[in-house]
Amino acid sequence: QVQLVESGGGLVQAGGSLRLSCAASGRTFSRYFMGWFRQAPGKEREFVTAISRSGGNTDYADSVKGRFTISRDNAKNTIYLQMNSLKPEDTAVYYCAATQYCSGYGCYKPITYDYWGQGTQVTVSS
């Protein structure tokens with residue numbers, strides 16, 4: 001079992017930056033493929049980015065590519081999401097998620113992930 005706790009959300013002006021963190025419990029954190037998803041009001045939860053167990057491979061949604069960076073520190077059981085050049089359309093609740101296995105397009109789907117944090121609100125004003 002893995003428990004995930006996000007932090008770092010808040011209100012920022014367009015063009016600004018935020019850094020989200022997701023702390024995981026347990027000793028097997030390095031066995032998990034990790035992802036960030038977001039959900040805006042009235043919309044479905046969508047994939048933002050994901051990182052492999054070692055951190056050597058990452059993937060991003062086209063909408064955030066070049067602006068967001070995911071990273072992980074397995075010694076600290078934590079993943080991070082550095083968000084730069086934020087836009088009003090980035091406004092959403094951001095969730096981190098964990099799965100022991102994903103492959104191909106499955107890694108982009110919320111249903112693939114077994115564990116979720118409670119979410120942290122990110123609001124970008126114009």
Side-chain angles (χ1 to χ4, degrees):
Q1 187 113 12
V2 176
Q3 293 185 327
L4 304 172
V5 179
E6 302 98 335
S7 61
L11 173 64
V12 64
Q13 288 189 332
S17 297
L18 281 174
R19 188 194 195 204
L20 306 184
S21 299
C22 173
S25 65
R27 300 181 179 179
T28 60
F29 176 71
S30 62
R31 297 181 186 176
Y32 289 86
F33 189 97
M34 301 295 295
W36 286 98
F37 289 77
R38 67 186 181 186
Q39 189 166 18
K43 295 188 176 181
E44 293 186 351
R45 192 166 298 189
E46 66 174 3
F47 172 80
V48 176
T49 180
I51 189 166
S52 62
R53 297 176 185 87
S54 68
N57 291 296
T58 58
D59 200 4
Y60 297 90
D62 287 343
S63 58
V64 306
K65 204 169 291 185
R67 301 187 298 121
F68 290 13
T69 302
I70 188 172
S71 61
R72 69 188 295 162
D73 185 337
N74 285 344
K76 294 183 178 180
N77 282 13
T78 302
I79 66 167
Y80 306 96
L81 181 62
Q82 178 66 44
M83 304 185 294
N84 298 329
S85 302
L86 282 161
K87 305 175 181 180
E89 51 263 44
D90 294 318
T91 295
V93 177
Y94 284 71
Y95 299 90
C96 68
T99 180
Q100 287 193 297
Y101 177 78
C102 73
S103 177
Y105 288 108
C107 300
Y108 305 148
K109 299 180 179 180
I111 196 171
T112 298
Y113 292 77
D114 303 306
Y115 304 101
W116 292 84
Q118 83 288 351
T120 186
Q121 177 71 46
V122 171
T123 303
V124 184
S125 63
S126 57

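Just so you know, these numbers use all the heavy atoms, side chains as well, and skip hydrogens, waters and symmetry mates. Counting begins at 1 with the first residue of the sequence. Everything numeric in this text was worked out from a predicted model, so none of it was measured.
Considering all non-hydrogen atoms of both residues, Ser126 and Ala14 come closest at CA-CB, 4.4 Å. Closest approach of Leu4 to Ala98, counting heavy atoms only: CD1-N, 3.9 Å.
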Problem set entry | Worked verdict on Tyr115 versus Gln1 for side chain to side chain contact (heavy atoms under 4.5 Å, CB included) | CA-CA 8 Å; Tyr115 304 101; Gln1 187 113 12; 4.2 Å; yes

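Judged as a side-chain contact (heavy atoms from CB on, under 4.5 Å), and not counting sequence neighbours, the contacts of Gln100 are Arg31, Tyr32. Evaluation of the ring pair (Phe, Tyr, Trp, His ring centres under 6.0 Å) rule for Phe37 yields Phe47, Tyr113, Trp116 as partners, not counting sequence neighbours.
Of the candidates Glu46, Glu6, Glu44, Arg38 forms a salt bridge (charged side-chain N to carboxylate O under 4.0 Å, His left out) with just one, namely Glu46. Under the side-chain contact (heavy atoms from CB on, under 4.5 Å) test applied with Val122, the options Leu11, Val93, Leu20, Thr91 reduce to a single match, Leu20.
In this structure, Asn74 contributes its side chain and Arg53 its backbone to a donor-acceptor pair below 3.5 Å.
Under a hydrophobic-cluster definition in which Ile, Leu, Val, Met, Phe, Trp and Tyr are linked whenever side-chain heavy atoms come within less than 4.5 Å, directly or via other members, Val48 and Tyr95 are assigned to different clusters.
To the nearest 0.5 Å, the span separating CG on Asp73 from CZ on Phe29 amounts to 8.5 Å. Note that the SG atom of Cys96 and the CD1 atom of Ile79 stand 5.0 Å from one another [nearest 0.5 Å]. Distance check, rounded to the nearest 0.5 Å: CG of Asn57 to CD1 of Ile51 gives 9.0 Å. Summarising the geometry, atom CG belonging to Asn77 is positioned 9.0 Å from atom CZ belonging to Arg72; distances are rounded to the nearest 0.5 Å.
Other residues sharing a hydrophobic cluster with Tyr80 under the 4.5 Å side-chain heavy-atom criterion for ILVMFWY residues do not exist; the residue is a singleton.
Salt-bridge annotation for Asp90 and Lys87: absent, with no side-chain N of the basic residue lying under 4.0 Å from a carboxylate O of the acidic one.
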